[in-house]
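Heads up: the structure comes next, in structure tokens.
Values below: every heavy atom of this structure, side chains too, minus hydrogens, waters and symmetry copies. For clarity, every value in this text was computed on a predicted model and none was experimentally measured. For reference, positions follow the sequence shown, starting with 1.
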Amino acid sequence: MISPGAAAAAAMSRANRTKRTTTTTATAIAAITAMTAATARPARTDIAWSEPFCSEGANCFRLGRGADGLAHIGTTGSAAYVSDSLDALRALISAVKAGAADHLLA
């Protein structure tokens with residue numbers, strides 16, 4: 001049988017762990033929010049988007065190239081997109097064609 005003192009100590013320990021976890025989570029969320037706000041890009045109008053690629057799903061993907069030579073991948077209906085070099089886009093497309101993402105279709 002656990003003594004009342006030991007039970008209280010265990011409860012206090014659990015409460016402290018929960019408080020630390022909550023504080024750590026809140027701190028992490030605040031840091032991510034700050035990073036996102038700091039790295040938010042203004043809308044670009046110099047990206048030449050190709051026709052959207054739509055399949056059976058609800059999302060249509062679009063590929064584009066900016067005046068700066070970067071490649072961009074986004075979805076229709078959203079201003080958000082990912083940018084990287086043309087070589088990175090080429091490598092991504094080659095990997096998908098080679099079956100690197102086949103496990104996602106199973």
Side-chain angles (χ1 to χ4, degrees):
M1 182 169 161
I2 299 176
S3 69
M12 182 74 98
S13 176
R14 278 193 304 277
N16 285 337
R17 279 195 309 268
T18 301
K19 182 178 179 184
R20 280 194 308 268
T21 301
T22 303
T23 301
T24 302
T25 302
T27 302
I29 290 171
I32 291 169
T33 302
M35 282 189 324
T36 303
T39 59
R41 296 175 289 192
R44 293 189 44 181
T45 58
D46 66 328
I47 299 174
W49 294 104
S50 61
E51 287 297 315
F53 170 76
C54 301
S55 189
E56 295 175 16
N59 288 326
C60 295
F61 295 93
R62 56 197 179 125
L63 302 174
R65 186 171 181 178
D68 55 3
L70 291 178
H72 309 281
I73 302 174
T75 57
T76 56
S78 173
Y81 56 87
V82 178
S83 300
D84 209 328
S85 68
L86 289 174
D87 289 335
L89 177 61
R90 190 173 292 113
L92 172 68
I93 292 171
S94 296
V96 170
K97 283 182 169 181
D102 286 354
H103 65 284
L104 299 173
L105 303 174

Output side-chain donor-acceptor pairs under 3.5 Å for residues 89-105, partner residues at least two apart or in another chain, one line each.
unit_1 : atom_1 : unit_2 : atom_2 : d
R90    : NH1    : D87    : OD1    : 2.8
S94    : OG     : R90    : O      : 3.0
H103   : ND1    : A100   : O      : 3.3

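- Heavy-atom minimum distance, H72 versus S83: ND1-OG, 2.6 Å.
- Going from atom CD1 of I73 over to atom CH2 of W49 covers 8.5 Å, rounded to the nearest 0.5 Å.
- Sorted by first and then second residue, the pairs that involve residues 68-80 and meet salt bridge (Lys or Arg N to Asp or Glu O under 4.0 Å), not counting sequence neighbours, are R44-D68.
- Residues passing the side-chain contact (heavy atoms from CB on, under 4.5 Å) test with S50 are L63, sequence neighbours excluded.
- Of the inter-residue distances, the one linking S78 atom OG with R62 atom CZ reads 7.0 Å to the nearest 0.5 angstrom.
- With hydrogens and angles disregarded, a donor-acceptor distance shorter than 3.5 Å links the side chain of S85 to the backbone of A88.
- Atom OG1 of T75 sits about 13.0 Å away from atom OH of Y81, to the nearest 0.5 Å.
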